Structures are given as structure tokens and as C-alpha cells.
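Notes follow the structure.
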Amino acid sequence: MQNFSQQPENRLTNWAAPTRPPLEGAESLPSDHEELRQAYERLTFHVENFPLGAIEWDCVFGVKRWSSQAEKILGWKAQEVIGIPRQKWPCNYPEDEGLVIAALDRLMEGKEPHNVVCYRNYTKKGEVIWCEWHNSALLDEAGHPISILSLVQDITEQKQAEQERDQLISNIDRENQTLEALVQERTAELARTVERLEIEIARREQRDRQFSAIAANLPGVMYRAIVRTDGRITVPFISDGIKELTGIDPMDAMADLWGLFGRVHPHDREGFRERIASLGGRQQPRDHQEFRIISASGELKWVQDNTHYTWMDNGDVIADGVMLNISDRKQAEEAMRQQVERERLLGAIAQRIRHSLDLTTILSTTVEEVQQVLGCDRVLVYRVWADGTGSAIAEAVKPGWLKVLNRVFPQEVFPVENYQRYIEGRICALVDRDSGQVVPCLVEFMKTIEVRAKLVVPIIEKNTLWGLLIAHQCSGPRQWQGGEIDLLASLATQLTIAIQQSELYERLQVELSDRKKAQCQIKASLEEKELLLKEVHHRVKNNLQVISSIFSLQSSYIEEPRILSILRDSQNRIASMALIHEKLYHSDTLAKIDFNDYIESLTSNLFSCYNISPKKVRLKLQIENVSLNLDTAIPCGLLLNELVSNSLKHAFPDDGSGTIFIEFSALDHQTLNLMVRDTGRGLPDELDFKKTSSLGLRLVRALTRQLRGTLDIKNSHGACFQITFPSPQGL
């Protein structure tokens with residue numbers, strides 16, 4: 001920036017902003033300068049009253065003049081700023097200082113005669129305002145700057161308006177950008193939506209084609225029905241299958257809905273109406289119903305209606321459904337039901353035949369159940385008698401029709417030629433007596449017993465026509481089904497079995513009666529023989545006791561101890577055999593003897609015979625419940641007699657004491673075990689059992705062989721004899 005200190009002295013330097021009041025400066029002017037003074041006063045007036053503040057700077061940028069308008073804008077009075085350099089001027093805004101210096105330099109360097117700069121300034125109150133500075137440089141003749149005149153204007157409101165405008169423009173730009181982005185996004189979304197719609201339209205067209213193909217090929221009817229709140233029903237769509245199902249054209253069906261409803265079977269119409277009437281009060285989305293319809297050709301068909309309901313806000317109900325022809329399934333179910341019923345009936349009759357031999361009950365039950373299963377008016381069993389006549393021996397008939405039970409029909413009713421045909425397995429299924437295919441005499445006979453149609457199956461027993469199983473339809477013609485014919489044929493076979501069982505039962509009854517008589521005779525004979533056998537045992541026992549008594553009398557004449565011992569042993573042996581006959585005599589059965597009771601009686605007799613006190617020699621028995629026949633009991637009794645007698649005589653000398661053990665048990669179902677053991681002195685060491693001359697031990701060996709048993713002898717802490725022999729039940 002140039003230095004103003006080199007200015008010429010004759011140059012006017014205070015033309016716009018004198019350092020003293022204007023009038024004083026004017027009075028000091030020469031009189032010839034009056035015109036200049038007036039001009040100066042006018043200029044000063046205009047400067048002071050100009051709406052822009054006027055500030056003049058000297059060569060060093062000190063304030064030379066400060067107009068009243070500048071005071072209003074910046075707040076400082078002239079005397080507060082005159083002479084203060086611009087650098088120290090309190091209204092400078094530091095951040096805009098570079099902008100100010102650049103503008104002044106351009107003026108001082110002569111690059112531009114004047115410029116306009118907008119920047120911020122501080123007011124005396126410290127407020128920041130925007131000012132617009134119009135700067136002009138006063139130059140001398142040489143082109144050097146003398147002073148600078150600045151006109152300042154407060155443009156804060158304008159600047160704020162510009163900022164608000166810029167902000168508004170910026171916001172508008174942002175909104176425009178956002179709107180443009182949104183428009184682009186919406187445009188892209190619209191393009192995607194259009195693409196999806198095009199795809200959806202194509203899919204719907206494809207689905208419509210598929211739906212049309214399905215509806216055309218479906219074995220049933222697809223429909224849409226709308227049930228209005230006022231009760232009206234409209235059908236906007238129904239497939240072509242309605243014509244195949246009912247014989248009604250789809251357009252006619254949609255136009256005449258009640259005519260379509262009229263095809264519903266009369267027995268199913270009420271349920272159909274109730275189903276429609278209940279739509280308003282329930283919210284079940286799906287429904288399933290089966291009913292019958294009658295086609296235009298009069299054919300009866302079963303229909304399954306599967307419906308989905310949609311309840312609209314206005315109260316209407318949309319019903320979308322499919323009706324399928326299930327006649328084949330129903331026929332199969334009916335055939336299956338009839339088959340199950342036939343099998344149940346056959347099973348029930350077969351069960352009765354197995355559990356009952358009463359032919360009358362079986363026949364009555366059979367005709368009753370057949371009548372219920374077939375639903376015919378009369379079922380009967382006709383018995384063919386040997387003389388050619390016949391009669392109904394079992395009958396089930398509906399109320400109001402003639403009963404023929406026990407009515408005898410003459411031979412003319414059943415010709416001989418029919419007899420032979422039935423023997424060959426012929427079945428008669430007559431649909432209608434008035435068909436013109438029945439001989440007149442048979443027509444008249446059928447009228448007398450009120451028969452319009454009949455089914456006759458023969459009951460053949462041993463190649464003979466026993467009778468007929470007959471079903472009558474009295475109310476009208478009847479087309480007999482194959483299952484019904486098979487049922488009667490199977491029942492006729494079952495009845496043949498029942499007849500054979502009944503005849504067999506009768507023969508068995510006769511045979512049983514004869515057997516009962518024979519059994520009574522045999523029982524009487526057995527009782528007589530049993531009485532005689534008991535008498536024999538009783539007499540044998542008495543005879544043995546007589547022999548024992550003779551030995552007792554004989555011993556009174558003998559003084560030799562050895563002979564007395566022999567007689568006593570023989571007497572004991574005879575007593576043991578007599579005891580067996582006594583037990584058999586008192587036994588409930590003569591075939592066996594309770595050996596447990598026998599051993600107790602035998603040992604008691606031996607202790608008494610040898611005068612042995614039970615306190616001195618104890619007896620311990622361990623005997624199972626074993627029954628023996630006579631052939632086994634006698635040798636076993638003699639064995640026990642010898643072994644116990646031997647222990648009582650020799651085991652406890654000099655009045656010694658001890659214990660005798662007797663065990664008798666079954667080792668298994670085939671073997672018995674008898675053991676006699678004592679705690680006495682035992683057998684002599686020099687005793688050779690196989691070569692002994694002792695009669696008692698020789699008897700033990702002989703009796704063991706008789707029982708087909710084995711003998712084991714032990715001599716430790718007393719004598720022990722163990723005999724094992726086969727059980728008589730196992731022999």
C-alpha cells in the first residue's frame with residue numbers, strides 16, 4: 001500500500017470530510033471563493049443527510065470525517081473515532097479483516113477506482129452487523145491517492161434476508177434433490193410394480209387356463225355361490241361338470257338355482273336347507289356334506305360337497321366349493337357294509353351252532369336275522385318230509401303279512417322234478433311272479449301266500465333234500481343281488497352243519513342214556529366188589545391176628561429164650577402184614593394205603609412189643625405224604641419191621657438210650673427212598689452182610705430185591721440202612 005506522506009501541500013485534502021465544522025471552513029475561504037464555499041456547504045449538507053454513512057480516511061487511514069449517518073449505523077460518535085487509525089478502529093471484525101485490506105490495497109495501488117465490499121462490523125453495543133462499503137480513492141494530478149471516501153450502508157436485514165433466501169434455496173434444492181430421488185425411487189418402484197403386475201397378469205392368465213383345464217377335467221363340479229344378507233343366493237360361476245352330474249347346462253344352472261336345488265333327493269333337502277340357513281350364525285370356514293341327487297335322466301347319484309366359506313364385511317357369505325360324484329365309493333361302501341353284515345351274520349350263526357345243539361332255536365334265530373339283514377317281508381325254513389309234503393318249521397315275517405309257520409303244504413306244491421333240481425344245487429331267484437315267465441299254477445299259489453318275489457336255496461344233508469331256506473318279498477318285485485344269494489347259500493351250508501350236529505346230538509343223547517345205564521350197573525357191581533374186597537382184607541387181618549395169637553399161646557409153653565425171640569419176631573412180622581390189611585379195610589380206596597399213617601402205627605406197636613419207653617429211645621419221623629399199593633406196601637412194611645426191630649433189640653444194650661430216625665420220601669416222580677438210622681453202637685465190624693446167617697438181615701436183602709431196589713448200609717455213629725426203589729406209579 002502506498003504512503004500518503006508525500007502528498008503536495010496545494011492539494012485539497014478535506015473536500016468531503018473537514019476536521020472542523022463546515023461553516024468555519026467556509027468563512028476562512030477568500031471572498032472570491034464564495035461560489036466554492038456555497039458548493040462546499042451544499043456538498044456537506046448532502047453528505048450529512050445522505051442515508052449512507054460517509055467516512056473519509058487520510059493517507060495513513062486515520063478517520064478525518066465521520067458523518068452523523070455513520071454514527072447511527074455503527075454507534076460511535078465522530079469525536080470518538082476521529083484521528084484513530086483504521087487498524088485500531090473498534091468496529092473491525094477480525095475474521096473479515098483480510099477482505100478489507102485486499103479491497104483497500106486494490107484502491108491504493110490504482111488497480112480499480114472504486115470497489116464495493118460487504119463484510120461484518122461491530123457496533124458500539126457489540127452487535128455484529130453486515131455493512132456494504134462503497135470505497136472511492138481521491139487521486140492527485142499525478143495519480144497518487146490523497147484520501148479515501150467510504151460510504152457505508154447497514155445491510156444486515158438484507159443479508160439476513162439473503163441468508164434466509166439462500167437457506168430457503170438450499171432447502172428447496174435439498175427438497176428438490178429429495179423429491180427427485182423420491183421420484184426416481186417411485187419411478188423405479190412403479191416400474192417394478194408394473195413388471196410384477198405384468199408377471200402376475202401372466203401368472204393369472206396361466207392359472208386361469210390351468211383352472212379352466214382342471215375345472216373341465218375334474219370328475220365333479222367347481223362353483224362359487226354368494227349368499228346375500230337378504231337370503232338371495234347367486235351363482236357367478238359353475239363348471240361344466242354340472243351337466244355330467246345332473247344333466248343341466250351350466251348357464252341354466254346359474255340362471256335357475258332353485259331348479260338345481262330341486263335335483264337334491266327329497267330325503268336330503270331339509271338338511272341342505274338347514275345348512276344354508278345356518279351360515280349367518282356360525283363362523284366355521286369349512287364344511288363337508290354328503291347327499292343324494294337325482295339327475296335329469298332319473299339316475300340316483302351320491303355327491304360329496306366340500307365348501308370353504310368367506311364372510312364379507314357387508315354380511316354376505318361367499319361359498320367356494322367342489323362337488324364330487326362319490327356314487328362308486330358309496331356303492332363300494334354299501335357292498336362292503338353288506339359283506340360285513342353277511343359275515344357277521346354267518347359268524348353269529350356259526351357261533352350259535354358251535355355253542356348250541358338246539359336246532360329249533362338255531363333255525364328261529366337264523367330266519368329272524370336274515371329277515372332284518374335283507375329287509376324282505378318274510379324268511380322261512382321249509383322242511384321237506386319223506387312223503388313229499390312239507391311245512392314251514394321256522395319263520396320271521398313283517399307285521400301285516402300272512403304267517404305260514406307250521407302250515408303243511410301238499411305234495412303238489414313241491415313236484416318231483418323240482419326236488420331233483422334242488423338236489424343238484426339249483427337256486428331259484430324269482431324277481432316278479434307277474435312277469436309272464438311263471439306257470440299259472442305257481443302264480444296262483446304265490447298269490448295265496450302273498451308272495452311277489454322269492455329267493456329259494458336248498459338245504460342238502462347227506463345227498464338228501466332236507467329242506468329249503470326261502471326269502472319272500474310280498475310288497476312288490478325285487479331284483480335279488482348276488483351278495484344276497486351268496487348269503488342264503490352260505491347260511492344253508494351252516495344250517496346243514498347245524499342239522500348234522502343236531503342229529504348227532506340226538507344219537508349221542510341215546511348213547512349217553514345207554515352209557516348211564518351201563519355205568520350205573522358197573523358202579524353197583526364195583527360197590528359190591530369193593531364191599532367183598534374189604535371183607536377179604538378184614539378176614540385176612542383177622543386170620544393173621546389168629547396166627548399171631550397162636551404164636552403168643554405157643555410161646556407160653558416155651559422157655560428157651562432164643563425160640564421165644566424167634567416166635568416174637570415172627571409174631572411182629574405177621575402183625576405188620578395184618579396192619580396193612582387193616583389200613584386198607586379202613587381206607588376210602590382199596591387201591592392205595594397212606595404209608596405215613598402206617599409207619600406211625602407200626603413203630604408204635606414195635607415199641608410196645610419190645611417194652612421200650614419213648615423217653616429212653618426217641619423216635620424221629622420225617623415222612624412225606626406217599627401212598628403205596630398193596631404189592632409195594634407189604635414188603636416195605638416188612639422191611640421197616642425188620643430194621644426197627646433190629647435197632648430196638650441190638651442198638652441200645654444194657655438199657656442204653658438213643659434215637660431212631662425213619663425217613664421216607666420221593667426223590668422224584670420215579671424213585672422212593674426209605675432210610676432207617678439209629679445212634680446206637682452200630683453193626684459188628686466182623687459182620688459180612690452178604691454172608692450173614694441172620695434171618696432178619698436175609699429178609700431185608702430179599703425184600704429189597706422184591707422191590708427192585710438197592711440197599712446201602714453205613715456203620716458210622718450207629719447203623720444206617722438206606723433202600724432206594726422205583727415208585728409204583730413209575731413202574
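Values reported hereafter were calculated over all heavy atoms of this structure, with side chains retained and with hydrogens, waters and symmetry mates removed. Throughout, residue positions are numbered sequentially from 1 according to the sequence presented. Just so it is clear, the model here is predicted, and its values are computed rather than measured.
With sequence neighbours excluded, the residues satisfying side chain to side chain donor-acceptor pair (under 3.5 Å) with Asp268 are Arg292. For Asp316, the side chain to side chain contact (heavy atoms under 4.5 Å, CB included) test picks out Ile226, Arg228, Thr229, Met312, Asn314, with sequence neighbours left out. Asn306 meets the side chain to side chain donor-acceptor pair (under 3.5 Å) test with His288, Gln304; sequence neighbours excluded. Qualifying side chain to side chain donor-acceptor pair (under 3.5 Å) partners for Thr193, counting only residues two or more places apart in sequence or in other chains: Arg196. Qualifying salt bridge (charged side-chain N to carboxylate O under 4.0 Å, His left out) partners for Asp320, counting only residues two or more places apart in sequence or in other chains: Arg224. With sequence neighbours left out, the side chain to side chain contact (heavy atoms under 4.5 Å, CB included) criterion links Asp252 to Ile248, Asp249. Checked against side chain to side chain contact (heavy atoms under 4.5 Å, CB included), Val194 has the following partners two or more places apart in sequence or in another chain: Leu190, Glu198. Looking at residues two or more places apart in sequence or on another chain, you find a salt bridge (charged side-chain N to carboxylate O under 4.0 Å, His left out) between Glu200 and Arg204, Arg207. Under the rule for a side chain to side chain contact (heavy atoms under 4.5 Å, CB included), the partners of Glu299 that lie at least two apart in sequence or sit in another chain are Ser295, Ser297, Lys301. When the side chain to side chain donor-acceptor pair (under 3.5 Å) test is applied to Arg232, the partners found at least two apart in sequence or on another chain are Asp230.
Within the structure, ring-ring contact (aromatic ring centres under 6.0 Å, His included) pairs that include any residue of residues 427-482 comprise Phe409-Phe445 (at least two apart or interchain). Judged as a salt bridge (charged side-chain N to carboxylate O under 4.0 Å, His left out), the pairs with a partner in residues 302-313 (not counting sequence neighbours) are, in order, Arg275-Asp305.
Sparse packing is recorded around CZ of Arg186, with 12 or fewer heavy atoms of other residues, nucleotides or ligands lying under 6.0 Å away. Counting heavy atoms of neighbouring residues, nucleotides and ligands inside a 6.0 Å radius, atom CZ of Arg515 does not exceed 12 of them. Heavy-atom contacts from other residues, nucleotides or ligands closer than 6.0 Å to NZ of Lys403 number 12 or fewer.
Tested against Val379, the residues Thr366, Leu488, Val370, Val373 include a single side chain to side chain contact (heavy atoms under 4.5 Å, CB included) partner, Val370.
Ionic pairing of Glu333 and Lys330 is present here: one or more N-O contacts between side-chain nitrogen and carboxylate oxygen are shorter than 4.0 angstrom.
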